[in-house]
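Values reported hereafter were calculated over all heavy atoms of this structure, with side chains retained and with hydrogens, waters and symmetry mates removed. Here, residue 1 is the first one in the sequence, and each next residue gets the next number.
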Amino acid sequence: MNLALFDFDGTLTFSDTFSPFLRAVIPKHRRLWGYPLLLPVIVGYRAGFISGTVLRRAVWFTWV
């Protein structure tokens, strides 16, 4: 049996696993077309205007 664990909130690991999880499950072509759609949200997050929760929700609904 194969088992994959992803810790989205950092309770089991020392770092966030959301990004590695997305890279593992979302095909590259879907990630590539999603980046332009997410660019405003990513810029807002980096500038401090958007929370990580909002960013994750936008990423989730865009790619998954």
Side-chain angles (χ1 to χ4, degrees):
M1 174 173 59
N2 294 329
L3 178 66
L5 299 175
F6 293 96
D7 180 24
F8 297 126
D9 62 355
T11 56
L12 300 175
T13 63
F14 294 109
S15 63
D16 182 35
T17 60
F18 188 68
S19 296
F21 169 75
L22 291 176
R23 281 191 290 276
V25 299
I26 306 298
K28 188 175 182 177
H29 70 278
R30 284 188 64 195
R31 284 186 278 136
L32 289 175
W33 70 259
Y35 281 121
L37 297 174
L38 292 170
L39 188 60
V41 179
I42 293 169
V43 170
Y45 172 74
R46 296 271 172 112
F49 299 122
I50 294 176
S51 70
T53 303
V54 173
L55 174 67
R56 283 186 176 93
R57 187 170 293 151
V59 167
W60 186 260
F61 286 114
T62 300
W63 281 333
V64 179

Handout entry: Atom pair OG1/CZ of Thr62 and Arg30 - distance to nearest 0.5 Å
Key = 10.0 Å
Practice task
Examine Val43 and Tyr35 and state if one hydrophobic cluster contains both, with Ile, Leu, Val, Met, Phe, Trp and Tyr joined whenever side-chain heavy atoms are less than 4.5 Å apart.
Solution key: no
Practice task
Can you establish whether the number of heavy atoms outside Arg57 located under 6.0 Å from its atom CZ is more than 12?
Solution key: no
Practice task
Determine the interplanar angle of the Trp60 and Phe18 rings, folded into 0 to 90°, and report it as parallel if under 30°, tilted if 30 to 60°, perpendicular if over 60°.
Solution key: tilted
Fill in the blank from the handout: What one should report as the nearest heavy-atom pair of Leu38 and Ala58 is CD2-O, 3.7 Å
Handout entry: Remaining members of hydrophobic cluster (4.5 Å side-chain criterion), Trp33
Key = Leu37
Fill in the blank from the handout: Minimal heavy-atom distance between Ile50 and Tyr45, with the atoms involved, is O-CD1, 3.3 Å
